[in-house]
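One structure is given below, encoded as structure tokens.
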Amino acid sequence: MDPITAVLAALAAGATAAVQETAGSAIKDAYEGLKGLLKTKLAGKAMASAAVEAHASDAAAAEAVLRPALQARAAGDDAELLAAARALLRLADADGHVARRYALQVGGDVHGLVQGDHATVTMNFGAPPPRGEGRGG
């Protein structure tokens with residue numbers, strides 16, 4: 001799993017675990033700590049900071065904002081951020097369920113790929129058939 005995906009997976013696992021009645025203070029503290037650290041790292045990017053909070057209610061929309069913002073800030077190379085994400089994943093996703101959801105192996109001749117929850121995508125590959133061909137006339 002690439003580092004930014006690991007951060008987003010930790011955010012998802014933390015959001016899910018923190019709302020459980022059985023969630024201990026360690027999980028809640030680690031989740032709030034990761035969110036705070038993300039906001040610090042994304043200082044000056046208001047939409048990205050807001051997306052950190054919105055992630056719990058709309059992960060797909062939040063990740064569409066967070067992923068490029070994290071890439072722009074080279075978050076994948078941030079040891080402090082990655083350590084916080086890994087610590088939260090160990091607590092909130094001990095069985096690896098969330099982490100496995102983000103794991104992907106691709107082989108062969110792939111022309112298009114979509115990964116994520118609730119994605120709506122239209123992909124068109126190659127040139128359309130010439131007028132009159134393939135459309136009944």
- Task: Taking Ser57 for its side chain and Ala54 for its backbone only, find out whether a donor-acceptor pair lies under 3.5 Å.
- Result: yes
- Message: Enumerate the salt bridge (Lys or Arg N to Asp or Glu O under 4.0 Å) contacts for residues 44-54, please, sequence neighbours excluded, ordered by first and then second residue.
- Response: Lys35-Glu53, Lys39-Glu53
- Could you grab the distance from atom CG of Asp29 to atom CG of Leu91, nearest 0.5 Å is fine? 10.0 Å
- What pairs with Ala6 under side chain to side chain contact (heavy atoms under 4.5 Å, CB included), at least two apart in sequence or on another chain? Met1
- Query: Should Leu88 and Val52 be regarded as members of a common hydrophobic cluster, given that ILVMFWY residues are connected when their side-chain heavy atoms come within less than 4.5 Å of each other, either directly or indirectly?
  - Reply: yes
- Task: Find the distance between CD (Gln71) and CD1 (Ile4) and round it off to the nearest 0.5 Å.
- Result: 4.5 Å
- Query: Where do Leu66 and Ala51 come nearest, in terms of heavy atoms and distance?
  - Reply: CG-CB, 3.8 Å
- Item | Interatomic distance, Leu8 atom CG to Leu70 atom CG [nearest 0.5 angstrom] | 6.0 Å
- Query: What pair of heavy atoms forms the shortest contact from Ala84 to Leu37, and how long is it?
  - Reply: CB-CD2, 3.9 Å
- Query: Does the side chain of Tyr31 come within less than 4.5 Å of Leu11's, by heavy atoms?
  - Reply: yes
- Message: Please report the interatomic distance CG(Leu38) to NE2(His55), rounded to the nearest 0.5 Å.
- Response: 9.5 Å
- Item | Atom of Ile27, atom of Ala17 and distance for their closest heavy-atom approach | CG2-CB, 3.7 Å
- Is Val7 linked to Leu42 within one hydrophobic cluster, defined over Ile, Leu, Val, Met, Phe, Trp and Tyr using a side-chain heavy-atom separation of less than 4.5 Å? yes
- Message: Under the side-chain hydrogen bond (donor to acceptor under 3.5 Å, both in side chains) definition, can you give me all pairs with a residue in residues 79-90, not counting sequence neighbours?
- Response: Lys41-Glu80
